[in-house]
Amino acid sequence: MMIDKIPHFIAGEWIHGDGDGEVLHHAITGEAVGTHTIKGLDFSAAYDYARNVGNPALRKMTFQERGLMLKALAFHLMEKKEQFYEVSKATGATRIDSWIDIEGGIGNVFSNASLRRQFPNTSYHVDGDMVGLSKGGSFVGHHIMVPKEGVAVHINAFNFPVWGMLEKAAVNWLAGMPCIIKPAEQTCYLTQAVVKEIIDSGILPDGALQLVSGYGNGILDYVDSQDVVTFTGSFETGKKLKTLPQIIENSVPFNLEADSLNCAVLGEDAVPGTAEFDLFIKEVRKEITVKAGQKCTAVRRIIVPEKLVEDVQIALGKALTKTTIGDPSVEGVRMGALAGKEQLAEVTKKVAELAKTSEMVYGTLDKVELMGADWDKGAFISPILFLNQNPLGVDEPHNVEAFGPVSTILPYKTIDEAIAISKKGKGSLVSSITTADDKIATEYTIGAATHHGRILVLNEACAKESTGHGSPMPMLTHGGPGRAGGGEEMGGKRGVMHYMQRTAIQGSPTTLTEITQQYQYGGEYKDPGQHLFSKYFEDIEVGETVITAKRTVTETDIVNFANVSWDHFYAHTDETSLEGTTFEGRVAHGYFVLSAAAGLFVQAKKGPVLLNYGLETCRFTKPVYPGATIGVRLTVKEKVEQEKKDDIAKGIVKFLVDVYDETGETVAIATILTMIKKKNQD
């Protein structure tokens, strides 16, 4: 029987490796689903194409353009999701398992598309605030971040062939870098199906995405200092790759996300009969059985109060008994198979290692009843639960990971002991604690945080909306210290910055204003030629400034504002109470000063300005007493593009409101956010 080779996408073409290749098998039926081979592939051509075609195309796009590209891609993939679900059946996954992988991955693209709103409408990012470097203010510093000129190489694990690709690629695309995807060979056929749909859509520029289906021997031979490598998989393999000579010699950024011995802790307060005890049992059962335990965030160690061990063992056993195993296409099946026979052999080996020091209290390596499947043809295993009564005295539960539906109950006497047990894993991606006692939650979180990349505190208050122990979120970092690899993925803007070079820039405020396209305080003002509120979004330039008329603040102003606002704070209304304060007399409300400033800079007649909707970094820097004369310097600080909504094309302009007194000193400073109509409404 002829079996299709799984193709690669390199240098803009779909190609096949030489020779017959190795056969991949359906995890449920054992039937061949395809072959893979990398013989004859030219990896150097892939790097050249990414650097010379994909990188320039992405680098010249703005963050807004890249974000909208991701949004279009996410919508497109969501329309095609059912064909991915069909392919995913061969991996042994249930519909829920595949939902996490497929729609979870697409959701990650949506999330990163929305992240564009936190970046400017430029191809580079301005990081942080200006730093003054001189007494007179003529020499300042800042930081910019530009996309690296290389390629991101993603070496992924078999358990999430879609999510694993999209959660990384979405971030490097938003940053402005292309990528080469190397999925694990066991499930590369599903990754290839998604990549084909992405390429066929034409949404990404040429060279933004390439695919190596199968083994990746030699794929890192061509990396240089402008490239970024990410690896998800076993710690041992990741460590070998991270120490390759070409990685070290070129100082190539290497993000390692490794499997770890994650733990779930039950608080001492969460006794049987409480909502938290039930939540804990439900969460642990889910984490043992979802994806048949093939998750880098799965619960491997169940840390519970010594007095509750029997209760947890019984409750968890009952919950696991309800886990029907078999063909996921059969209604009622709640757990499918492992990814393949090789994976089954590996898990079986690890179970035997754990059994040397722990007692198996639930499950078996023998055949169990299946629904709609043949035990001998598929890669099936039952959930397995161990109990170890000496968690601080033995190492196996903290060192040996069976990458399947396998976990170990570990008792503790005090919360300090629970923390100590959790740390024996030598670093993990995630820990969770289920408790209704915030003191326990605080003590555990602060005590255990050094050894975990993420900590979930689960209780009845958040349970309905909690995404759970095993779900890393796009806007939060995903990674962990020690055994977990020491890396970070995603994390909102933090993740994007992995693919960019941070560079310190120094010069005059005027020059740095031009470089950053954000007004730097102390820079020269530009004459707008007319009031800024009469200009359309396209016509406004960063640095344009309106110098307003001035106004003298009176005691009557202060009294009237107190009556209107109901703000009768003693410093504004009771001069007899000022002894021992920093004030010399009755002082104007800060918000009056800001309101008076608005009265000076606002143009009343209708124009392109649609509305003001917020303030940023508002500060009152000097007291304003009756008799002081204030004026305003209103400067265009930054422009932010917006998508057209409600049939109105518009953008956001951030204005720096610098309120000063008769001495020229700033008394209040703030940034207002103003929505301004565009001249071009197409």
Quick check against the 3.5 Å criterion: does [X] have a side-chain atom that pairs as donor or acceptor with the backbone of [Y]?
X: Thr666; Y: Ala668; value: no
X: Trp173; Y: Pro178; value: no
X: Thr516; Y: Leu512; value: yes
X: Lys639; Y: Ile540; value: yes

Quick check: do [X] and [Y] have side-chain heavy atoms less than 4.5 Å from each other?
X: Val546; Y: Pro528; answer: yes
X: Met675; Y: Gln642; answer: yes
X: Asp437; Y: Glu268; answer: no
X: Val636; Y: Leu532; answer: yes
X: Val228; Y: Lys148; answer: yes

Only pairs under 3.5 Å count here: list side-chain donor-acceptor contacts from residues 586-601, not counting sequence neighbours, and write none if there are none.
residue : atom : partner : partner atom : Å
Arg586  : NH1  : His572  : O            : 2.8
His589  : NE2  : Asp567  : O            : 3.0
Ser595  : OG   : Tyr591  : O            : 2.8

side-chain hydrogen bond (donor to acceptor under 3.5 Å, both in side chains) pairs touching residues 438-451, sequence neighbours excluded, are Ser431-Tyr444
When Lys637, Lys654, Glu638 are each screened for side chain to side chain donor-acceptor pair (under 3.5 Å) with Thr671, the one that passes is Lys637
Check residues 117-137 and write down every donor-acceptor pair under 3.5 Å in which the side-chain atom is one partner and the other belongs to a residue at least two apart or another chain.
residue : atom : partner : partner atom : Å
Asn121  : OD1  : Thr62   : OG1          : 3.1
Thr122  : OG1  : Tyr124  : O            : 2.5
Tyr124  : OH   : Ile515  : O            : 2.6
Asp127  : OD2  : Arg502  : NE           : 2.9
Asp127  : OD2  : Arg502  : NH2          : 3.4
Ser134  : OG   : Gly137  : N            : 3.3
Ser134  : OG   : Ser138  : N            : 3.3
Ser134  : OG   : Phe139  : N            : 3.1
Ser134  : OG   : Phe139  : O            : 3.3

By side-chain hydrogen bond (donor to acceptor under 3.5 Å, both in side chains), Glu460 pairs with (sequence neighbours left out) none
Salt bridge (Lys or Arg N to Asp or Glu O under 4.0 Å) pairs touching residues 418-436, sequence neighbours excluded, are Asp395-Lys424
Taking distance alone, no hydrogens or angles, what donor-acceptor pairs closer than 3.5 Å link side-chain atoms of residues 474-486 to residues at least two apart or in another chain?
residue : atom : partner : partner atom : Å
His478  : NE2  : Glu257  : OE1          : 3.4
Arg483  : NH1  : Asn399  : O            : 2.9

